[in-house]
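Report on one structure; see the data block that follows.
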Amino acid sequence: MRTIRHSEQTLRTALISKNPALVSQYEKFNAAERCLMNEAFQPTSDLFGPITLQSPSDWIISHPEPPQDFEAFFSDPSRKTPSPEKHSVYIQCIGSLANTRIISEQYIKWLKGYCEAFFYGLTVKLLEPVPVSATRCSFRVNDNTKNLQIHAGHILKFLKKKKPEDAFCVVGVTMIDLYPRDSWNFVFGQASLTDGVGIFSFARYGSDFYTSRYQGKVKALEKKSSRDYAVFDNYSIPEVTSVLLLRSCKTLTHEIGHIFGLRHCQWLACLMQGSNHLEEADQRPLNLCPICLRKLQCAVGFNILERYKALVRWIDDDSAGTPHVTPKHSREDSVTLPKPVEAFKEWKEWIIKCLAIVQK
């Protein structure tokens, strides 16, 4: 195990900058907000720690990238910012997210609510779900897992065509595994900063992904055309759990963060760290480090205190705890859907610590 620990001065510069204009901008935060963000370069901070690497296959080791401090983010000419005309984040469900329509619809609403809190101040809207066939994407069976995969790049092209006029970005979510090109094994998600679109899969976050083996449908696929989307009918979907929801929220907000211009974080333990595998994705926290928090605040313009309050409200809100019945009033489709937030307990405790500082 290896730790990446930067000096206090390096972290201070990455957060505040030496550019007088950006220093002045930083000083417009109130004293409590600056106190929270200054935790970035406090060696004894229990809120923001160094990045810990577990193996040579971790992202930072296998994908060397230039670090992006706040000044580099602010000065990036390719970065796009929401405007009054384009102020909405759209979520497009591709295929089902659960084994019943009711649970799938509720799951996407939970994700919508989380995004509204995380990107506080932006409008988040849901597009009508579409089947895989609507995207006309290529697909394959992964040689290692024997599970179906859809082509991420083709999905991005589909989303670009569907982008509404008021959209800052459109993000697709799916329970089907993704691959970006033939030579790659898989990818958790992929986003285009210039087009304002992204696609994210939660398939590998289910507990049985590596053992399901596509339930014997591989041979059936080999006999069919690669454009026969019927292979996705009744496709195996993981059970909705608290861990699955937490992992989904992590991936969704990480990838949308890229659309705002945030690169992979190399400063502190942070949601914006890259991840090559599930263990690494699980290790990164739900929170943004102060450097990435300042970037997102600059892009969106939210009040830091109100954003943290909104995240706590999302965790505490159990408005989906009443029975839901389909129009046909089928007993089988009548289910109770409390939001499974047990895995968010540590995240809530962390936010409360931050609130104690920002509310001073």
Side-chain angles (χ1 to χ4, degrees), residues 11-12 14-17 21-42 44-49 69-71 73-74 79 81-84 87-89 110-124 168 245-246 249-250 252-254 256-257 259-262 265 267-273 284-319 339 341 343-360:
L11 292 171
R12 181 190 294 271
L15 172 66
I16 302 174
S17 173
L22 297 184
V23 172
S24 177
Q25 184 188 97
Y26 184 77
E27 290 172 348
K28 291 180 181 178
F29 288 110
N30 65 42
E33 291 169 333
R34 293 199 306 274
C35 184
L36 173 68
M37 289 194 284
N38 288 352
E39 287 280 319
F41 46 80
Q42 303 301 327
T44 59
S45 174
D46 63 348
L47 292 176
F48 306 104
D69 58 16
F70 179 76
E71 184 172 345
F73 166 83
F74 187 83
R79 180 173 65 87
T81 302
S83 66
H87 203 253
S88 299
V89 173
W110 290 333
L111 295 176
K112 172 182 180 290
Y114 188 79
C115 283
E116 286 175 332
F118 194 92
F119 301 102
Y120 186 76
L122 294 185
T123 303
V124 182
F168 170 70
L245 181 59
L246 181 140
C249 288
K250 271 188 183 182
L252 188 57
T253 49
H254 172 100
I256 295 176
I259 299 176
F260 280 97
L262 280 73
C265 183
W267 304 108
L268 295 160
C270 177
L271 174 79
M272 291 308 300
Q273 286 174 239
R284 70 184 180 195
L286 274 162
N287 63 276
L288 295 170
C289 75
I291 298 162
C292 293
L293 176 64
R294 187 183 178 192
K295 295 174 188 176
L296 188 63
Q297 196 281 333
C298 174
V300 179
F302 51 71
N303 177 281
I304 293 175
L305 172 62
E306 295 305 319
R307 175 180 177 271
Y308 281 142
K309 286 181 178 179
L311 285 165
V312 172
R313 284 196 301 271
W314 180 86
I315 297 171
D316 288 343
D317 179 22
D318 193 21
S319 59
K339 190 192 303 175
V341 293
F344 292 81
K345 180 181 177 182
E346 288 186 14
W347 171 223
K348 179 182 175 181
E349 292 172 350
W350 183 91
I351 298 172
I352 290 172
K353 289 180 181 179
C354 293
L355 282 171
I357 296 175
V358 182
Q359 287 177 317
K360 284 184 180 179

Once you round to the nearest 0.5 Å, how far does [atom1] of [X] lie from [atom2] of [Y]?
X      : Y      : atom1 : atom2 : answer
Gln25  : Cys298 : CD    : SG    : 5.0 Å
His254 : Cys270 : NE2   : SG    : 9.0 Å
Cys354 : Met37  : SG    : CE    : 11.5 Å
Arg284 : Leu271 : CZ    : CG    : 6.0 Å
Ile352 : Lys309 : CD1   : NZ    : 13.0 Å
Ile256 : Leu262 : CD1   : CG    : 12.0 Å

Donor-acceptor pair, distance only, cut-off 3.5 Å: does the side chain of [X] make one with the backbone of [Y]?
X      : Y      : result
Arg307 : Tyr120 : no
Gln297 : Phe302 : yes
Arg34  : Glu27  : yes
Arg79  : Phe73  : yes
Arg294 : Ile16  : yes
Glu306 : Asn303 : no
Trp350 : Leu47  : yes

Who passes side chain to side chain donor-acceptor pair (under 3.5 Å) against [X], sequence neighbours left out?
X      : answer
Thr123 : none
Arg12  : Glu8
Glu71  : Ser17

Using salt bridge (charged side-chain N to carboxylate O under 4.0 Å, His left out) as the criterion, list what pairs up with [X], not counting sequence neighbours.
X      : answer
Lys348 : Asp316
Lys250 : none
Glu116 : Lys112

Minimum heavy-atom separation for [X] and [Y], please, with both atom names.
X      : Y      : result
Phe119 : Thr253 : CZ-O, 3.7 Å
Glu33  : Val358 : CG-CG1, 4.3 Å
Phe48  : Leu288 : CE2-O, 3.6 Å
Asn287 : Ala269 : ND2-O, 4.3 Å
Leu268 : Pro290 : CD1-CD, 4.1 Å
Val300 : Phe260 : CG2-CE2, 3.8 Å

Go through Phe118 and Trp314 one step at a time and tell me if the ring pair (Phe, Tyr, Trp, His ring centres under 6.0 Å) criterion holds.
CA-CA 10 Å; Phe118 194 92; Trp314 180 86; over 10 Å; no

Side chains of Leu36 and Tyr308 in contact at under 4.5 Å (non-hydrogen atoms)
yes

Would you check if Trp267 and Asp69 make a side-chain contact, meaning some heavy-atom pair closer than 4.5 Å?
yes

Side chain to side chain contact (heavy atoms under 4.5 Å, CB included) evaluation trace for Leu15 with Tyr26:
CA-CA 9 Å; Leu15 172 66; Tyr26 184 77; 3.6 Å; yes

Report the C-alpha distance between Cys249 and Leu245 in whole Å, list the side-chain angles of each, state the deciding distance to 0.1 Å, and finish with yes or no for side chain to side chain contact (heavy atoms under 4.5 Å, CB included).
CA-CA 6 Å; Cys249 288; Leu245 181 59; 4.2 Å; yes

Evaluate side chain to side chain contact (heavy atoms under 4.5 Å, CB included) for Leu252 paired with Tyr114, printing each intermediate quantity in order.
CA-CA 10 Å; Leu252 188 57; Tyr114 188 79; over 6 Å; no

Report the C-alpha distance between Leu355 and Ile351 in whole Å, list the side-chain angles of each, state the deciding distance to 0.1 Å, and finish with yes or no for side chain to side chain contact (heavy atoms under 4.5 Å, CB included).
CA-CA 6 Å; Leu355 282 171; Ile351 298 172; 4.2 Å; yes

